[in-house]
Amino acid sequence: MAEIGAVGHRVLHGGIEFTESCVVDDACEAAIKKCFPLGPLHNPANLMGIKACQAAMPGVPQVAVFDTSFGMSMTPEAYIYAIPYEYYENDSIRRYGFHGTSHRFVSARACEIMGKKGTRVINCHLGNGSSVSASIDGKCVDTSMGLTPLEGLPMGTRSGNLDPAILQFIMNKYGYTADEMLNILNKKSGVLGISGVGSDFRDLEKAAKEGNERAQLALDKFAYEVRKYIGSYAAAMGGVDIITFTAGVGENGPDMRESICEGLGFLGVHVDHEKNQVRGKETDISAADSTVKVYVIPTNEELMIARDTLALVTK
Ligand code: AMP
């Protein structure tokens, strides 16, 4: 224990209070608590971890690294929901985005690779939970998750975007409470819900190869929605210089990467089939005629948290 000089903690929700990581003090603890309603499953546990480390290592600085802080550079038109404005003013209901530490790590690396000012990055963090972000010089312009991680892409078990009126329809017909409905959208939907096979993309690819049409539909739907986000984020930034793939599926799923990039030729995106046969290793997978770079960049949230922690405690 005596060898430990500082501890970095991943904290899910920092609300609007935190645009960057911070050393935990009373005000920071109070802000983490204030965000309990926004991250009811994670924030209480995150604070418990901080308390446990404080007790085990008295006097050792604790640093909170928020999954939402990357999204805090979004402009109002990107983060506001088109619902009555008082819900934003009174209840902080807005888009925050998640996987921020991963998006920050990968987009910073992408900027390093490009080595020029004004680098426009679209990062596809595709795992069990999935999100896409658009950033310029590492600053988030938009990201697909919202107030909670349920918004955006269809995921392993989460629905992602859908017509909100579906909730009323299903709840009225089957007599579900709001919690039961949300459980269906969080745990029983996404590629699991469409396929009925599972949430693991390896199982889906195997089933699809064996002729399971719903498994193929789930994979096609996922690729289609990622492709649409890439197109819309290119529009949001007036173009894109580099597209990056990260996390479980992004790093290890060559077929999914190729399927997503198919049809993006109009943007100047072309993937080299041979170079793309890579797993878990930083690799340029763009074809020679691709005007947009396409890369696999393994994410490293722990390293990002360690770097933030070191920077803050040695300041
Ligand atoms: P993560 O949430 O980032 O840990 O990613 C987990 C997901 O990565 C799982 O759903 C797996 O399906 C997917 N994954 C891991 N390895 C592979 C692989 N070799 N091919 C396709 N998907 C993979």
Side-chain angles (χ1 to χ4, degrees), residues 10-12 39 41-42 45-46 65 67-68 70 97-107 109-110 122-133 143-145 148-160 185-210 212 214-227 229 243-262 271 273-283 285 294-305:
R10 179 188 191 212
V11 180
L12 180 82
L41 297 180
H42 296 82
N46 298 153
V65 178
D67 228 20
T68 50
F70 178 73
F98 296 86
H99 294 142
T101 312
S102 170
H103 285 298
R104 194 150 57 92
F105 179 85
V106 176
S107 55
R109 178 68 196 128
I122 296 177
N123 180 40
C124 306
H125 176 113
L126 311 178
N128 196 32
S130 294
S131 63
V132 185
S133 72
T143 185
S144 61
M145 285 175 166
T148 76
L150 190 51
E151 188 180 341
L153 294 170
M155 309 180 204
T157 63
R158 293 188 191 119
S159 64
L185 298 180
N186 272 309
K187 304 266 172 67
K188 300 188 175 163
S189 299
V191 292
L192 164 71
I194 295 175
S195 69
V197 170
S199 62
D200 192 307
F201 282 69
R202 287 163 290 197
D203 298 338
L204 293 173
E205 286 179 0
K206 183 166 174 284
K209 280 199 184 103
E210 289 164 3
N212 185 317
R214 275 171 55 191
Q216 187 60 55
L217 176 62
L219 293 168
D220 292 346
K221 170 73 176 169
F222 184 78
Y224 177 73
E225 295 297 334
V226 179
R227 196 182 309 130
Y229 264 106
I243 297 171
T244 49
F245 288 97
T246 198
V249 181
E251 291 169 31
N252 302 299
D255 292 351
M256 180 51 72
R257 290 193 297 258
E258 209 152 327
S259 166
I260 290 166
C261 291
E262 248 167 39
V271 165
H273 179 73
E274 294 309 318
K275 288 192 208 160
N276 183 40
Q277 304 310 308
V278 65
R279 293 175 201 272
K281 194 168 132 243
E282 185 177 299
T283 310
I285 59 167
V294 187
Y295 265 75
V296 173
I297 301 183
T299 193
N300 196 336
E301 290 164 286
E302 290 82 0
L303 180 58
M304 195 79 240
I305 292 170

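Both ligands and their constituent atoms are indexed starting at 1 by order of listing.
- For E274, there are no salt bridge (Lys or Arg N to Asp or Glu O under 4.0 Å) partners at least two apart in sequence or on another chain.
- Within 4.0 Å of ligand 1, protein heavy atoms belong to G127, N128, S199, D200, F201, R202, A247, G248, V249, N252, R279, listed by chain and number.
- Although no hydrogens or angles enter the test, the distance criterion places no donor-acceptor pair under 3.5 Å between the side chain of S259 and the main chain of R257.
- With sequence neighbours excluded, no residue forms a ring pair (Phe, Tyr, Trp, His ring centres under 6.0 Å) with F105.
- F70 has its side chain within reach of S107: a pair of non-hydrogen atoms, C-beta onward, lies under 4.5 Å apart.
- Remark: E282 pairs with R109 by the salt bridge (Lys or Arg N to Asp or Glu O under 4.0 Å) rule, at least two apart or across chains.
- The aromatic rings of H99 and H125 lie parallel to each other, with less than 30° between the two planes, well short of the 60° mark.
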